[in-house]
There are 2 protein chains.
Amino acid sequence: MFEPVTIKDIAKALGLSTSTVSRALRDTHEISAATKKVVLAYAKEINYQPNPIALSLKERRSKSIGVVVSEVANSYFSQAINGIESIAYDRGYHVIISQTHESYDREVINVQHLASRSVDGLLVSLSSETTDISHLTHLHERGLPIVFFDRVADAINTHKVIANNEKGAYQATDYLIKNGYKRIAHLTSSSHLSISIERLSGYEAALKDNGLAVNPQYIKHCLHGGMLYTETETAIKELMGLKEKPDAIFVAGDRLSTGCLSVFKNLKIAVPNDMAIAGFSNSDVLDLFNPSLTSVRQPAFDIGQMATEMLLQLIEAKYPVEEFEKRILETDLCVR
Amino acid sequence: MFEPVTIKDIAKALGLSTSTVSRALRDTHEISAATKKVVLAYAKEINYQPNPIALSLKERRSKSIGVVVSEVANSYFSQAINGIESIAYDRGYHVIISQTHESYDREVINVQHLASRSVDGLLVSLSSETTDISHLTHLHERGLPIVFFDRVADAINTHKVIANNEKGAYQATDYLIKNGYKRIAHLTSSSHLSISIERLSGYEAALKDNGLAVNPQYIKHCLHGGMLYTETETAIKELMGLKEKPDAIFVAGDRLSTGCLSVFKNLKIAVPNDMAIAGFSNSDVLDLFNPSLTSVRQPAFDIGQMATEMLLQLIEAKYPVEEFEKRILETDLCVR
DNA sequence: TTGAATTTCGGCAACGTTGTCGGGAACGAT
DNA sequence: ATCGTTCCCGACAACGTTGCCGAAATTCAA
């Protein structure tokens with residue numbers, strides 16, 4: 001039904017060979033100016049578009065990169081994706097986005113899908129369920145370029161781009177403490193995620209530096225990073241059921257922040273009167289919340305850009321890259 | 001660097017021809033059980049994955065569909081995308097998402113990008129800037145299956161899936177009127193978008209049915225659908241500068257709703273005391289806003305699913321489809 | 001005018017896969 | 001013993017494109 005014009009059609013119409021047409025279109029010096037003119041004119045007339053699939057088969061690369069994130073509805077990721085696209089499109093690469101919805105199974109399926117689909121490289125932020133990363137190590141060992149961002153796998157030796165999660169967490173916690181809160185809880189994602197570890201570390205450091213004890217009961221992990229309402233609700237209820245209820249909470253994620261507010265609203269807990277909140281979030285909409293939330297902003301767009309640049313460097317490298325680096329970008333504490 | 005296993009490798013290793021291996025893997029009856037067993041075992045051992053690019057070239061289809069939306073950060077679209085993916089993945093199709101950011105130029109580039117990339121079909125929601133749709137008519141005439149959702153182009157005769165925008169707008173406006181508001185403004189996207197026309201129509205009908213006059217000064221269009229803060233701000237300021245200031249506003253979009261709240265916050269206009277708001281939005285986060293907004297919810301997930309099913313029907317049809325339909329799904333007024 | 005160099009183009013192969021065709025071997029029936 | 005079947009499998013072509021090689025045509029130098 002949908003039959004695109006091919007180089008053959010042009011060759012036949014003009015009485016030339018396909019090779020000649022191909023080279024005329026590529027503007028090789030071996031083709032006379034006259035022939036070039038005729039070919040180019042005719043190609044334009046019938047709106048010839050080279051078939052990228054044939055090219056991919058021949059060149060053994062698809063000029064596309066795969067992106068694996070938990071979900072695009074997350075402000076952090078949608079901003080990162082914009083950064084990714086801005087670089088990729090400039091360099092002539094397609095971006096194929098896939099969502100894990102924080103599920104390990106979907107992550108494996110999506111990664112394999114993308115790899116078999118012959119993407120030239122992968123930008124990955126792990127799902128909160130993921131502990132086994134063998135689906136990625138296999139591909140990485142076979143030479144597929146991978147760059148991690150946000151939620152990284154330290155076991156794989158490749159480029160990584162993250163925010164300064166520890167410092168950001170420290171600042172947010174410190175901000176709560178400086179505002180007089182003393183019983184500060186921490187709501188975070190699954191404990192094996194790199195971001196969880198780093199943010200927890202910053203939270204604990206801030207407490208210690210301010211002479212406060214770390215209360216393990218105040219630290220709550222949500223395995224699905226706030227994707228499930230009940231998960232967040234259970235965590236909050238447990239916190240509120242403690243004999244020494246926390247008076248503030250440091251939330252370690254975009255999705256968790258909104259989930260948290262949602263639970264508080266349903267439980268009729270006033271923010272910030274009954275409970276102060278500060279946390280990681282890149283949501284512009286959250287600013288509308290009244291009173292606004294103090295939040296740690298990550299340079300998501302820049303992280304996306306930087307990760308993409310590093311990935312393209314790996315993809316286009318002539319010799320296998322051996323030296324990898326981890327870039328750490330500073331966060332921004334938005335006090336409100 | 002990254003050299004996937006091919007059918008040739010298997011053939012060579014097993015002393016068979018590529019045809020035999022191919023048919024053994026496809027489980028054709030012409031291959032003996034013994035040979036099949038050997039081939040399948042070896043293929044599994046070396047983790048053979050068929051090359052989808054070679055298949056695409058041969059089958060002249062890519063088993064992928066392109067999606068064109070304004071941006072994934074929009075709750076409506078991210079939900080619709082989830083619906084699209086749920087159907088597409090089940091049917092073995094890839095989903096390639098591209099964002100226009102409400103720009104006509106990017107829409108043209110993205111559509112051409114996707115078409116040349118040999119997607120088997122397109123799911124399109126027009127950008128707010130788009131008036132000329134020749135980039136789509138060309139492809140459609142040449143036989144590329146296209147299904148519109150949300151922002152449709154009536155000039156192209158194909159399947160369309162939309163929400164009942166007129167009814168939803170009517171209900172929201174009527175709700176404001178029933179709550180005692182009399183001077184109801186309407187903030188909407190660019191005037192040529194189908195959704196704008198339909199929602200404006202519902203708004204006007206509700207006013208008339210309640211014996212209120214339609215005041216043209218109360219109707220404000222934002223060409224970029226709220227993508228630009230200043231655009232929304234200007235519109236609001238003009239409304240607030242009228243001698244008969246509106247006491248309520250019906251907002252016709254996700255992005256506009258948040259933009260609107262943002263402007264009100266900056267202008268220190270209290271919602272809903274100084275100004276009541278009701279509008280189209282699928283944002284869960286907006287519910288956290290205190291006091292919550294009454295909003296018209298679209299069944300975005302269902303719309304995405306339905307549009308995808310219709311597109312796949314077009315793609316897989318044996319004979320060209322001549323009969324097209326426009327599906328209209330009901331909205332849900334969430335009173336808060 | 002002859003040989004060599006240059007210009008310009010066509011033929012062929014290949015990327016990975018499958019459809020078509022054809023052929024050899026084994027088997028059964030007459 | 002002969003013929004027809006059936007069962008298995010390999011050779012070839014094709015999808016659209018480009019790299020490589022060769023060859024014809026043209027130009028240039030001596």
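So that the names make sense, note that chain A is the first sequence line, chain B the second, and so on, each numbered from 1.
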If only side-chain N and O atoms of A:K8 are considered, is one of them under 4.0 Å from the OP1 or OP2 phosphate oxygen of D:dC15?
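For A:K8, the contact criterion (side-chain N or O under 4.0 Å from OP1 or OP2 of D:dC15) is met.
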
To the side chain of [X], which of [options] is closest?
X	options	answer
A:S32	D:dG16, C:dT8, C:dG16	C:dT8
A:K58	D:dG16, D:dC15, C:dT8	D:dG16
B:I7	D:dC8, C:dT18, D:dG16	C:dT18
B:T6	C:dC15, C:dT17, D:dG16	C:dT17
A:R23	C:dT18, D:dT17, C:dC9	C:dC9
A:Y48	D:dC9, C:dT18, D:dT17	D:dT17
B:R60	C:dT18, D:dG16, C:dG16	D:dG16

Tell whether [X] reaches the base of [N] with its side chain through a donor-acceptor pair below 3.5 angstrom.
X	N	answer
B:E59	D:dC15	no
B:E30	D:dC8	no
A:S19	C:dG11	yes

Within the structure shown, what part of the strands sits under 4.0 Å from [X] by heavy-atom distance: base, sugar-phosphate, or nothing?
X	value
A:I53	nothing
A:L55	sugar-phosphate
A:S22	base
A:S56	nothing

Side chains of B:T130 and B:S127: any donor to acceptor distance under 3.5 Å?
yes

Do [Y] and [X] meet the salt-bridge criterion of a basic N to acidic O distance under 4.0 Å?
X	Y	value
B:R151	B:E102	yes
A:R91	A:E316	yes
A:K63	A:D120	no

For A:F148 and A:H140, what are the C-alpha separation, side-chain angles and deciding distance, and is it a ring pair (Phe, Tyr, Trp, His ring centres under 6.0 Å)?
CA-CA 12 Å; A:F148 286 100; A:H140 186 241; 8.2 Å; no

